[in-house]
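Numbering of ligands and ligand atoms starts at 1, following listing order.
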Amino acid sequence: MNSEKTAPVADQNSNLRPDGSKKVVLSGIRSTGNLHLGNYYGALQKFVKMQDDYDSRYFIADLHALTTNPDPKALHESVKQILAEYLAAGLDPDKNILYVQSDIPEISEMYLLMNMHVGIGELMRTASFKDKARKALGITSESDEIEKEIIGNQNNNARVNAGLLTYPTLMAVDILIHHADYVPVGKDQEQHLELTRRFGRRFNSFYGVDYFKEPVNFNFGGEAIKVPGLDGSGKMGKSEGNCIYLIDDEKTLRKKVMRAVTDAGPTEPNSPVSQPVENLFTLMDLVSGKDTTDHFRQAYADCSIRYGDLKKQLAEDMLKVTLPIRQRILDIRDNDEYLSKIVKQGAERTREYAAKTLKDVREIMGIRKI
Ligand code: ATP
Ligand code: MG
């Protein structure tokens, strides 16, 4: 499936639905660790920019976290931490509904119902499932070995659980239960979003209803982004160990950047840029602005670049973004009373919307009182 070519684009012209109500925005982040620059530029910064104009609802995806990180203490800590990080990055609890996924039992019930319309083949072909399953099983080859490994080996069952396979169902329900118009996410989630649209369409056509709408990503007219990690490959990810976290202190952040993977440096003018160095340029584009990146790109092209200078500049500009957020995280995160009040209110409001959708879905599917 190639979601990039077919993904519908958000209508930038209006934040209103035809009935005059604000369009609904829904997104979430897994409670699998501290938030990093990938989460910030791929998702959180968009959440903050949308909060004034949309009916926006953001959650902490603790049930999704269980698919790969089932550690009770870490899970609880991470939920609190992410809520504090949402707020520290600028999400205003008076402008958004903020809630914890597991506080909404209607989501779990609708997940069960929606799974009846989802094929295991399409789930097994999902790129993120394959990546995460490969990682859990320690498989390095790209072949279809995962299917064999999963089916054949009893010991592996706990490490690749059914929840990981059905992650796209749960994500579809997260979104469809709100009838969301927009789902601001990073590039890595676009395939899941395509599945959400497919499951919604399938539900509509199976029952002959026009019930679910097709949600789309939102990028302010630009493309979805993938923030690279510091290890020279792949995306920055909470579970990848290659992150700059919003909570990193100055020393830690500088150290990480100075250790980022590079190469031996260009020896001929206008050499192609290797992936690890391109990654640093991509990060620089995000935090430093075009003039700075152009300067270093030019230095690369004429072979005068010194990676040490590039990294120093990069660290400096990253700190300008992260340090103010870090300070606010530290100010908020131990204020349990404040945090729990926010998610309690968020859960109450979300449950009203969710209960309405679940009632409709049960009715449409034929689950009625006798
Ligand atoms: P995990 O490794 O546990 O899956 P994650 O870092 O991938 O964690 P998620 O909770 O899966 O984070 O994703 C939350 C949001 O952040 C999603 O919208 C996702 O697209 C976005 N995101 C995550 N990593 C990146 C990245 N490197 N670049 C852009 N967006 C990203
Ligand atoms: Mg992820």
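There is a side-chain donor-acceptor pair under 3.5 Å between Thr67 and Arg30. Side-chain contact annotation: Glu77 with Gln81, donor-acceptor N/O pair under 3.5 Å absent. Judged purely by distance below 3.5 Å, without hydrogens or angles, the side chains of Asn219 and Lys46 pair a donor atom with an acceptor atom. If you check the side chains of His192 and Ser128, you find a donor sitting under 3.5 Å from an acceptor.
The shortest N or O to N or O distance between Lys238 and ligand 1 is under 3.5 Å. Considering backbone and side-chain atoms together, His36 places an N or O closer than 3.5 Å to an N or O of ligand 1. Considering backbone and side-chain atoms together, Lys226 places no N or O closer than 3.5 Å to any N or O of ligand 1. When only interatomic distances are considered, the shortest N/O to N/O separation between Glu240 and ligand 1 does not fall below 3.5 Å. Taking any N or O of Lys187, backbone or side chain, none lies under 3.5 Å from an N or O belonging to ligand 1. Ligand 1 has no nitrogen or oxygen under 3.5 angstrom from a nitrogen or oxygen of Pro228. Inclusion of Gly186 in the set of residues having an N or O under 3.5 Å from an N or O of ligand 1 is warranted.
For ligand 1, the atoms lying closer than 4.0 Å to a non-hydrogen atom of Lys132 are 4 (O).
Although no hydrogens or angles enter the test, the distance criterion places a donor-acceptor pair under 3.5 Å between the side chain of Asp249 and the main chain of Lys251.
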